[in-house]
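Below is one structure, written out as structure tokens, with a few remarks after it.
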Amino acid sequence: MHLSFVPPRRVKIGDAAAFAGTTPRAIRHYHAIGLLPEPERGGDGRRRYGHQDMIRLLWIRRMAGAGIALDDIRDALTADTGSVGDDREHGDSGGGDVDGGDGIALILERLENSLAAQEAVLRRQRTAVQRMRAEGSRMGLLSDVVTDRFKSLPEGSLRQGELDTLLVTERIFGPLGAAVQATRFIALATHPALREESDRVDAAEEALDDTVAVDDPRVARVAAERHAFEGALDAFIEESGLAGDDDALFEAWDARDSATTDQEEDEEGAADDDGGGDRGSGGRRARTMSAFEAVGRMPYDFSPARLRCMELAEQLAAQDAPTA
């Protein structure tokens, strides 16, 4: 994130829909059927969506993309902590004038493309369901290149907040970005002392709420603590060999990207209106936006003091960076 750009604390329904890859009409439908709670409204009476609203909406899109029926989603997640769902309608209107060989050929071509698209969607949905069953959690909805990184960890090593973060990162930067970010969570899961210090610094940052002035001495102190922690974390990642795993990940991704590009180009437009653009588990590409657009549409409830703390921590990191 560019700290010179202040992310919104809440966004309107249009930006929420654009970030999640859906439409305002679909979001209103989620509200109407009880899948997405009504958010707070601004002074103009319009809905304003916060960070947790967006997290829920992203899970809705991901689970809908796995082909899970709305009633099943609602029943399954009523007992869970989240709420997920979305309509998916896929099909091809077909049609056309049958006035000769060319007309028949066009209809057959459209039919074949439609069947191929449905087959591709079913493959992705089946893969998602299989991965969810294998993982035993919503982690199975993240791309396989992400979840594969956690296979060596004991069950329960990852926290829900970390899965939420990976979900957002994958939406903005794609599966490779989330897979690289996974290194951080692997390090925390395997180093109890770092995990404890991470929790402490996180709590200190969260305490920098709207009651804290930007020039309060606590802001600079917490920024220094964040900088020191990130240095310790980076050192552990380097010493443990996890940095080398990242290098291997980039090489493997390049090979995978080259092998799958042609197939995905054939399927890319098939499910554009049914949520298929947000492929998640097993898939590689999603309807994309620039990182700047994404940050502007994903709200984070950061106080001015916390944003200043982040800026100071970044300045400390820049001072430590080696010069060319």
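No hydrogens, no waters, no symmetry mates; every other heavy atom, side chains included, goes into these values.
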Checklist entry - Would H51 and D301 count as a side-chain contact (heavy atoms from CB on, under 4.5 Å) if you check the C-alpha gap in whole Å, the side-chain angles of each, and the deciding distance to 0.1 Å? => result CA-CA 7 Å; H51 180 75; D301 193 15; 5.5 Å; no
Next on the checklist: For V11 and R297: C-alpha separation, side-chain torsions, deciding distance, then whether side-chain contact (heavy atoms from CB on, under 4.5 Å) applies.
Outcome noted: CA-CA 7 Å; V11 295; R297 289 169 171 165; 5.5 Å; no
Can you tell me how far apart [atom1] ([X]) and [atom2] ([Y]) are? Round to the nearest 0.5 Å.
X: E170; Y: R62; atom1: CD; atom2: CZ; answer: 4.5 Å
X: F236; Y: T183; atom1: CZ; atom2: OG1; answer: 11.0 Å
X: H29; Y: T22; atom1: NE2; atom2: OG1; answer: 10.5 Å
X: E293; Y: I172; atom1: CD; atom2: CD1; answer: 11.5 Å
X: I237; Y: I186; atom1: CD1; atom2: CD1; answer: 9.0 Å
X: M298; Y: R171; atom1: CE; atom2: CZ; answer: 11.0 Å

Can you tell me if [atom1] on [X] sees more than 12 non-hydrogen neighbours from other groups inside 6.0 Å?
X: E38; atom1: CD; value: yes
X: R46; atom1: CZ; value: no
X: E238; atom1: CD; value: no
X: R25; atom1: CZ; value: no

Next on the checklist: Hydrogens and angles aside, do Q181 and T165 bring a side-chain donor and acceptor to less than 3.5 Å of each other?
Outcome noted: no
State plainly whether the residues [X] and [Y] are in salt-bridge range, i.e. N to O under 4.0 Å.
X: D234; Y: R184; value: no
X: E225; Y: R200; value: yes
X: E162; Y: R195; value: yes

Item to check | L316 reachable from V219 in the ILVMFWY side-chain graph, under 4.5 Å edges | outcome: no
Next on the checklist: Taking L166 as the starting point, is it possible to reach L153 by hopping between hydrophobic residues whose side chains are less than 4.5 Å apart?
Outcome noted: yes
Checklist entry - Under the 3.5 angstrom rule, does the side chain of S198 hit a backbone N or O of L194 as a donor-acceptor pair? => result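 Looks like no, no N/O pair under 3.5 Å.
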Checklist entry - Is it true that a side-chain atom of S303 and a backbone atom of L208 form a donor plus acceptor pair closer than 3.5 Å? => result yes
Item to check | Working for side-chain contact (heavy atoms from CB on, under 4.5 Å), residues R226 and L312 | outcome: CA-CA 10 Å; R226 168 58 67 185; L312 291 174; over 6 Å; no
Checklist outcome for this item: From the list D15, I13, L57, side-chain contact (heavy atoms from CB on, under 4.5 Å) with Y49 holds only for I13
